[in-house]
Amino acid sequence: MYSRRQFLGYGSAAFIAASGRVFGAEAPSNRVRLAIVGCHELGRGQQVMKSALRVPGVDIACVCDVDSRARDFAAAEVERLSGFAPRKEKDLRKVLEYPTLDGVILETPDHWHAYGAVLAMQAGKHVYVEKPCCFCPREGEILVDTWKRTGRVLQVGSQRRSSSNYRAAFAWLAENGNPVGELRFAKCWYASNRASIGRGRVAPVPEWLDWDLWQGPAPRVAYRDNVVHYNWHWFRRWGTAETGNNAPHFADVARWALGGKFPERVTTAGGLVFPKGDDYEWPDTYSMSFEYPGGKFATFELVSHLRARTFKNAGSGAIVYGDRGSVYFGPYDDVCVLDEKGVEIKRWDKDTAAKAGSLTDPTTSLDIIHMSNFVACIRSGSQKTAAPADEGYMSSYMPIVANISLDLHEPIRTDPETGRPIGNKAAEALWRREYEKGWNVFQV
């Protein structure tokens, strides 16, 4: 693993040129060639693509999307920022045939995450995949097995694992004898007020979209006009609800702080509490509980349709409690340690991150530093990324199994070493998903 100074240095502004090119002795043979898969103008893929271009020695060799408009836009952006015109493809499987390609960045809908990552690793490519890294627990298990078997580098988009402030806070606690006591309870939250997705209708497939390829491994249905490009999150066939969309970030922080692997029991309550009368198929409000060995546990409260102020005006975050105080982990690299009376002992904020070598924009900084770590691991051959496949799966697992608990209206007892359900046939049946005929590469 890289030292803290080396790790932060990859994201230092002093080493990043606006064009994404390196000024210095970076040898052409040491350049890393990546493809971005999922690059719509308004999507997450654009953010990550541009962050990758700011990492020294990285080329975006190919842009891939089932939307021809997205391919054209992304290719133009890559050429504008780097001076290099990438190839354009609409099918990931075609991209994986490129012999000189080192890796792929998967910014696809959830139902493609593990599927695409497994295909890529089987093809010998390294993978950066967004959270949740799997659509169902069985996919996560196969993802981790493939990662171990192929020896490829895989990093999950849990950017807070690369936060200099989060890492500094955990190091400070350890170096100072953990002044808040052993961390035993984590309270996490996420709140948003999402707009209605309306009532969709079956419609002709737009000429710019390959709808069959967009559906990929998911069973086929007719095109509806309120699914592409973002609302798929709220449909069960393709998305994993707000739980899979945003809970993995701070669920990961909670598990990091508590030191757990898989929970012993998962319990979820919730429903469509603030309905907007639209096609939303998932609940919009959740209360999730994860019990870990040793009497530790975490809760996560999540609301998609909330018109109210959130805790400390932070739409997301986590507070982890010991018996002598607590640690607050907020968005944008904000961390503080509080004593048992709630008095602040120590703080790390965006100014702290900037002084540590991060860029001044916290959101962009985390993306660049996280991507820098991924690229460094490709060069070194190390699978020990900041957020490797096994860690990424254990954190993606939390909200996905919470969805299963809610669907079954009962707690799920699980093996804390493997995560598998114990004595629950109904949960076992939901551990995997149905695939379109001819698209099941998992053989499950």
Side-chain angles (χ1 to χ4, degrees), residues 110-111 113-114 131-144 185-192 233-255 258 260-275 280-306 316 318 391-434 444:
D110 293 356
H111 68 288
H113 284 179
K131 47 71 199 160
C133 63
C134 52
F135 189 82
C136 59
R138 182 61 185 141
E139 285 189 357
E141 293 170 347
I142 294 171
L143 178 77
V144 174
F185 167 55
K187 175 182 174 65
C188 312
W189 69 93
Y190 175 86
S192 181
H233 281 94
W234 324 126
F235 291 89
R236 288 174 173 262
R237 188 174 297 261
W238 311 294
T240 53
E242 197 76 85
T243 48
N245 187 35
N246 274 297
H249 285 304
F250 282 101
D252 181 57
V253 173
R255 196 178 58 77
L258 297 178
K261 293 178 65 178
F262 295 102
E264 293 180 316
R265 186 166 70 163
V266 179
T267 307
T268 312
L272 200 57
V273 178
F274 302 101
Y280 219 88
E281 292 182 352
W282 283 106
D284 66 353
T285 304
Y286 289 80
S287 177
M288 302 174 275
S289 175
F290 308 92
E291 300 172 49
Y292 288 89
K296 297 182 179 182
F297 72 103
T299 63
F300 205 122
E301 296 176 357
L302 185 149
V303 186
S304 294
H305 299 147
L306 182 67
S316 59
E391 294 288 347
Y393 169 51
M394 285 187 283
S395 293
S396 294
Y397 167 102
M398 295 170 68
I400 289 175
V401 176
N403 281 340
I404 295 176
S405 169
L406 185 62
D407 283 345
L408 295 179
H409 302 287
E410 65 183 30
I412 299 176
R413 291 183 59 234
T414 53
D415 185 319
E417 288 299 317
T418 67
R420 301 287 298 186
I422 298 174
N424 191 323
K425 295 295 184 181
E428 290 177 5
L430 296 176
W431 219 248
R432 60 199 69 210
R433 71 159 303 163
E434 179 185 355
V444 295

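Sequence positions, counted from 1, serve as the residue numbers for this chain.
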Return the minimal non-hydrogen interatomic distance between [X] and [Y], and the atom names on each side.
| X | Y | value |
| --- | --- | --- |
| Ala298 | Ala254 | CB-CB, 4.3 Å |
| Pro399 | Met288 | CA-SD, 4.3 Å |
| Ala402 | Val266 | CA-CG1, 3.8 Å |
| Pro248 | Thr243 | CD-O, 3.0 Å |
| Ile404 | Leu430 | CD1-O, 3.5 Å |

Residues Tyr190, His249; criterion ring pair (Phe, Tyr, Trp, His ring centres under 6.0 Å); working and verdict: CA-CA 10 Å; Tyr190 175 86; His249 285 304; 9.1 Å; no
Counting N and O atoms only, with roles assigned by atom type, does the side chain of [X] sit under 3.5 Å from a partner on the main chain of [Y], one being a donor and the other an acceptor?
| X | Y | answer |
| --- | --- | --- |
| Thr414 | Pro263 | yes |
| Thr285 | Leu272 | no |
| Thr268 | Ser405 | no |
| Asn245 | Thr240 | no |
| Arg255 | Glu391 | yes |

Taking the side chain as everything from C-beta on, heavy atoms only, tell me whether [X] gets closer than 4.5 Å to [Y].
| X | Y | answer |
| --- | --- | --- |
| Glu291 | Arg413 | no |
| Asp407 | Arg236 | yes |
| Lys261 | Tyr292 | no |
| Ser316 | Asn246 | no |

Apply the test ring pair (Phe, Tyr, Trp, His ring centres under 6.0 Å) to residues Phe297 and Phe290: give CA-CA distance (whole Å), side-chain angles for both, the deciding distance (0.1 Å), then the verdict. CA-CA 5 Å; Phe297 72 103; Phe290 308 92; over 10 Å; no
N-O pairing of Arg420 and Glu428 below 4.0 Å: no
State which residues pass ring-ring contact (aromatic ring centres under 6.0 Å, His included) with His233; sequence neighbours excluded, sorted by chain then number. Tyr230
For Phe262, all residues meeting ring-ring contact (aromatic ring centres under 6.0 Å, His included), sequence neighbours excluded: Tyr393, Tyr397
Heavy-atom count around Glu281 CD within 6.0 Å, excluding the residue itself: above 12? yes
